[in-house]
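Take a look at the structure below.
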Number of protein chains: 2
Amino acid sequence: MTPPSRRATRATRTDALTNRARILAVAGEAFAAPSEASGAPGASGVSGVSGVSMTAIAKLAGVGVGTLYRHFPTREALIVELYHQEIQKVIDLAHTLAADLPPLEALRRWFEEVARYGKLKYGVSEVIHAATNGGLDDKNYEPFLRAIAVLLDAGTASGDLKPGIEPEDVLLQLSVLWRIPPSDNGTARAARVLALILDGLRTRPANP
Amino acid sequence: MTPPSRRATRATRTDALTNRARILAVAGEAFAAPSEASGAPGASGVSGVSGVSMTAIAKLAGVGVGTLYRHFPTREALIVELYHQEIQKVIDLAHTLAADLPPLEALRRWFEEVARYGKLKYGVSEVIHAATNGGLDDKNYEPFLRAIAVLLDAGTASGDLKPGIEPEDVLLQLSVLWRIPPSDNGTARAARVLALILDGLRTRPANP
DNA sequence: GCAGGTAGCGGAAGGGCTTCCGCTTAATCT
DNA sequence: AGATTAAGCGGAAGCCCTTCCGCTACCTGC
């Protein structure tokens, strides 16, 4: 039954690669641009990601929808891919902070960074939500968890954080941050919630 | 300009009332039933709310889509209305617990109840999400907040909880609970997260 | 009862995401 | 170079939520 020849699969077609690249480029631009200032009343269009349809992206890239979906099986998949680099930065930061700062301070700073990142581009919520929820099929999920684990371990070792906290649980709690609406005084609210989360993770001094 | 006559508005048409009632009845049944065991491969169909389209509901109720939307301007609106009673029960429970139990215990029990409620019908997440997020146009939002406020106040008065916690922030944190996937060991996970949240709200004994 | 007027009705239509499948065409083999 | 073959392409089609608007039929005042 089909013995493996020297090459199991053909090389990826060059036009496919080109298309993929162009799609990413176009989508990046489209998502970055503030939502069109046209008269359309329907869309909320906070800014960024929202309001650009898959069809629109396909058209901009000069490919059919089918092609777009061949490369990115889902809207979320496309977004995740786009922001992969930025997410990686956040993940790297966790390792840096864990190495350079006292555990509690490192965690606090990292949380703040995560909050700021989420606020900056509200649409990114979709990314992290994707990078968070299912997790099963997302290449950002594992590294993100490991980053949290590193921070937690440092805190546990120093006795500042409770032992045995599951990184997944922390990620779940963090996911709340990108559901805070951006307008309002979202920053203040995020700060308050962060403080609550952090205190929940800390060890608790003995009662009198 | 338009002086108010004895009746500012006409009485609601009887057929409209009938339709509204039938829609609610039908939707209740449809949402309650486990998703059809047909061969459709697309839907995830965890159970309950998901997988029943507005069009389907309209058809089942024997009305046009327009009518459905006249009564419930949004899918969420319909769901919120359906589960209004059950949500009310949870809200009432908060007041009862606050009156009958030590503050911390009351809060803990209520959190657990909320978690259980969310787990029972996974689709309900949509409700509470609606009852939570926007809040602006949802009649469940305010009472829910007040329920939390009561529990918090009791805890603050007794010195068990930090003063000045915003009920909205707590609700936001709780909203995490109905994003926990049901299968798995969701119960255990919910318990862990709840404990973290609760500890975050408690006062912190002075450091040595 | 009957005429009037408006609340309510129905369903076509618009826009979105995703799937499907026949046709093209680049990579590979001879 | 020519033949072969499957990866890749394009866009129609299906399903969803929601909006819009002409027509109907139910309350109301006479």
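Letters go in sequence order (proteins before strands), and every chain restarts at 1.
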Q | Other residues, nucleotides, ligands: >12 heavy atoms within 6.0 Å of B/Glu105 CD | A |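 Count over threshold, so yes.
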To the nearest Å, how far apart are [X] [atom1] and [N] [atom2]?
| X | N | atom1 | atom2 | value |
| --- | --- | --- | --- | --- |
| A/Leu68 | C/dT19 | CG | P | 12 Å |
| A/Phe72 | C/dT19 | CZ | C1' | 18 Å |
| A/Ile57 | C/dG15 | CD1 | C1' | 15 Å |
| A/Ile23 | D/dG8 | CD1 | C1' | 11 Å |
| A/Lys59 | D/dC9 | NZ | P | 18 Å |
| A/Leu17 | C/dA26 | CG | P | 13 Å |
| B/Tyr69 | D/dC21 | OH | P | 18 Å |

For [X] and [N], is the shortest distance between a side-chain N/O and OP1 or OP2 below 4.0 Å?
| X | N | value |
| --- | --- | --- |
| B/His71 | C/dC9 | yes |
| A/Thr74 | C/dT18 | yes |
| B/Asn19 | C/dC9 | yes |

(Q) What's A/Thr67 touching, base or sugar-phosphate or nothing? Going by heavy atoms closer than 4.0 Å. (A)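 Touches a base.
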Taking the minimum atom-to-atom distance to the side chain of [X], which one of [options] wins?
| X | options | answer |
| --- | --- | --- |
| B/Thr12 | C/dG8, C/dT18, C/dA27 | C/dG8 |
| A/Arg13 | C/dA26, C/dG8, D/dC17 | C/dA26 |
| A/Arg75 | C/dA26, C/dC17, D/dT18 | C/dC17 |
| B/Val65 | C/dG11, C/dG8, D/dG8 | C/dG11 |
| B/Ser53 | D/dC16, D/dT18, D/dC9 | D/dC16 |

Q: Determine whether any donor atom in the side chain of B/Arg10 lies under 3.5 Å from an acceptor atom in the base of C/dA7, or the reverse, and answer yes or no.
A: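 Check fails, no donor-acceptor contact within cut-off.
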What distance separates [X] [atom1] from [Y] [atom2], expressed to the nearest 0.5 Å?
| X | Y | atom1 | atom2 | value |
| --- | --- | --- | --- | --- |
| B/Phe111 | B/Leu174 | CZ | CG | 4.5 Å |
| A/Leu196 | B/Glu166 | CG | CD | 10.0 Å |
| B/Tyr83 | B/Leu78 | OH | CG | 9.5 Å |
| A/Leu97 | A/Arg108 | CG | CZ | 10.5 Å |

Q: Identify, between B/Arg70 and B/Asp15, the residue whose nearest nucleotide on DNA chain D lies closer to the 5' end.
A: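 Its nearest nucleotide being more 5', the pick is B/Arg70.
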